[in-house]
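Single-structure report; data block below.
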Amino acid sequence: MKTISMDVMSTGVIAYYVLIASRDGLLTPILSDIPNPTYADPVPQAVILTAIVIGLSNQALMLVGVMKLARDNPTLETNEIEKNNTP
């Protein structure tokens with residue numbers, strides 16, 4: 001459940017940034033005949049693309065950890081798992 005909630009939070013933050021960045025009147029930064037156009041800033045797009053890739057790799061790493069915990073501890077109770085893994 002914690003892995004799924006982290007993925008939902010990450011997707012929500014990315015969707016929030018996409019919502020903020022989508023404004024009317026912004027053009028792609030390509031040469032055109034329009035005088036003084038307002039161009040879209042490509043930096044937030046690159047940051048969001050990087051956040052998507054990092055989120056995917058974090059989710060894969062968390063799923064590997066969950067698979068290892070599920071193999072070593074066949075229970076859904078987090079208290080039992082923490083008790084079994086405490087040194």
Side-chain angles (χ1 to χ4, degrees):
M1 293 301 292
K2 292 178 183 181
T3 303
I4 292 172
S5 64
M6 289 289 290
D7 184 46
V8 168
M9 279 183 17
S10 173
T11 304
V13 169
I14 290 169
Y16 179 70
Y17 276 106
V18 168
L19 180 69
I20 288 175
S22 63
R23 295 182 297 205
D24 293 334
L26 295 178
L27 303 172
T28 55
I30 299 174
L31 295 176
S32 66
D33 296 334
I34 302 171
N36 298 327
T38 55
Y39 291 126
D41 189 13
V43 174
Q45 296 172 12
V47 170
I48 291 302
L49 203 59
T50 304
I52 291 170
V53 171
I54 291 173
L56 180 66
S57 62
N58 280 338
Q59 185 180 9
L61 185 64
M62 285 190 289
L63 287 174
V64 168
V66 166
M67 287 171 47
K68 183 178 180 330
L69 280 174
R71 186 184 61 217
D72 295 343
N73 304 301
T75 182
L76 294 175
E77 298 294 326
T78 56
N79 295 333
E80 291 293 323
I81 294 172
E82 289 174 356
K83 187 172 27 171
N84 290 341
N85 293 325
T86 304

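The analysis underlying the following values was restricted to heavy atoms, covering all of them including side chains, and did not include hydrogens, waters or symmetry mates.
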Listed partners of Asn58 passing side-chain contact (heavy atoms from CB on, under 4.5 Å), at least two apart =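 Partners of Asn58 under the side-chain contact (heavy atoms from CB on, under 4.5 Å) test: Ile54.
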Met9: what forms a side-chain contact (heavy atoms from CB on, under 4.5 Å) with it, not counting sequence neighbours?
->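 Applying side-chain contact (heavy atoms from CB on, under 4.5 Å) to Met9 gives Met6.
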Applying side chain to side chain contact (heavy atoms under 4.5 Å, CB included) between Thr11 and each of Asp7, Ile14, Val13, Val8, report the one that passes.
->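 When Asp7, Ile14, Val13, Val8 are each tested with Thr11, the side chain to side chain contact (heavy atoms under 4.5 Å, CB included) holds only for Asp7.
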To the nearest 0.5 Å, how far apart are OG1 in Thr3 and CG in Leu63?
->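 CG of Leu63 is found 5.5 Å from OG1 of Thr3.
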